[in-house]
Amino acid sequence: MTRTLQLFAAALAIVALGAPSFPSIAADEPPTGGRVPTVTRLVKLFLEKEASLATAVRNGDANALGALLTDDFELRTGARAASPIPRADWMRELLRTRDPGGEISGMAVHDFGAVAIASFMQGTAGGPLLVVDVWRGQAGGDWKLAVRYASPAGSPAFAIPGGNARQPEIPKKY
């Protein structure tokens, strides 16, 4: 009986000594659920608008694409900031290639009443882009894309005046 008690105590001691490593074992397992990302109402709205643009482009639907744009739409790129690309030329090229760009991430939307500005990163075959879309609101909440600014997204170490300021943690507004 004493021998059994000693073996039990020894086994218990081994388990107790190894217990601190149990959390690290569990931490190596992939998460099974976790946090579900939430987006603001405006981010959801403009993600849907961007998806509608992409669908129209992939389907080669000039009418659907045109309905999402203002009549005076233009694209401005960082490399040719002084030479906007007119609506007809932009539409023709997108509908020819049927490539609306890749996945959108990191969207932020600023609402200024009749104007909303959506900025986001978008993947492309040539690398990520920073896109800033200016949307004009119409009666009944109908938004149309007025201007798109797009430029390659470079390294965060790239020198931009004021860009080296400490990055604050901005709380989400829900």
Side-chain angles (χ1 to χ4, degrees), residues 30-31 33-158 160-163 167-174:
R35 295 175 52 158
V36 175
T38 57
V39 296
T40 65
R41 174 186 57 82
L42 285 173
V43 168
K44 182 179 184 311
L45 172 70
F46 288 102
L47 281 171
E48 290 169 357
K49 288 289 185 188
E50 296 294 343
S52 296
L53 283 169
T55 298
V57 169
R58 274 195 287 295
N59 292 340
D61 188 342
N63 291 331
L65 181 58
L68 293 164
L69 306 175
T70 60
D71 291 339
D72 60 345
F73 169 85
E74 65 184 23
L75 169 68
R76 291 190 171 257
T77 64
R80 299 185 323 194
S83 301
I85 298 167
R87 179 184 200 261
D89 295 345
W90 183 74
M91 285 180 62
R92 188 179 319 103
E93 181 62 14
L94 277 179
L95 295 171
R96 182 187 70 77
T97 63
R98 293 199 180 190
D99 181 7
E103 184 176 331
I104 290 174
S105 64
M107 181 180 278
V109 178
H110 297 274
D111 182 7
F112 297 104
V115 173
I117 300 174
S119 60
F120 53 89
M121 297 296 290
Q122 184 171 33
T124 69
L129 295 178
L130 169 65
V131 177
V132 178
D133 280 349
V134 179
W135 294 84
R136 278 195 221 143
Q138 305 294 320
D142 185 27
W143 292 92
K144 294 192 179 222
L145 183 56
V147 182
R148 171 169 281 188
Y149 297 88
S151 189
S155 161
F158 185 78
I160 297 175
Q167 300 293 319
E169 181 65 33
I170 300 173
K172 294 278 187 183
K173 297 177 184 176
Y174 298 101

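These values consider heavy atoms only, across backbone and side chains, with no hydrogens, waters or symmetry-generated copies.
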Rounded to the nearest 0.5 Å, how far apart are [atom1] of [X] and [atom2] of [Y]?
| X | Y | atom1 | atom2 | answer |
| --- | --- | --- | --- | --- |
| D111 | F46 | CG | CZ | 7.5 Å |
| E74 | L145 | CD | CG | 10.5 Å |
| D89 | L94 | CG | CG | 11.0 Å |

Identify the residue among N63, V57, L65 that makes a side-chain contact (heavy atoms from CB on, under 4.5 Å) with D61.
N63

Which pairs pass salt bridge (Lys or Arg N to Asp or Glu O under 4.0 Å) with one or both residues in residues 113-134, sequence neighbours excluded?
D133-R148

Are any of the side-chain heavy atoms of [X] and [Y] separated by less than 4.5 Å?
| X | Y | answer |
| --- | --- | --- |
| M121 | L130 | yes |
| R96 | E93 | yes |
| I85 | R80 | yes |
| W135 | V109 | no |

When you look at L68 and K144, which way does the side-chain contact (heavy atoms from CB on, under 4.5 Å) test go after all the steps?
CA-CA 5 Å; L68 293 164; K144 294 192 179 222; over 6 Å; no

Atom of [X], atom of [Y] and distance for their closest heavy-atom approach:
| X | Y | answer |
| --- | --- | --- |
| S151 | G78 | OG-CA, 3.8 Å |
| R136 | T70 | NH1-CG2, 3.9 Å |
| P100 | R58 | CG-NH1, 3.0 Å |

Which residues pass the side chain to side chain donor-acceptor pair (under 3.5 Å) test with R87, not counting sequence neighbours?
none

Any donor-acceptor pair under 3.5 Å from Q122 side chain to G102 backbone:
yes

Taking atom CD as the centre, does E48 end up with more than 12 heavy-atom neighbours from other residues, nucleotides or ligands that are less than 6.0 angstrom away?
yes

ring-ring contact (aromatic ring centres under 6.0 Å, His included) partners of Y149, counting only residues at least two apart:
none

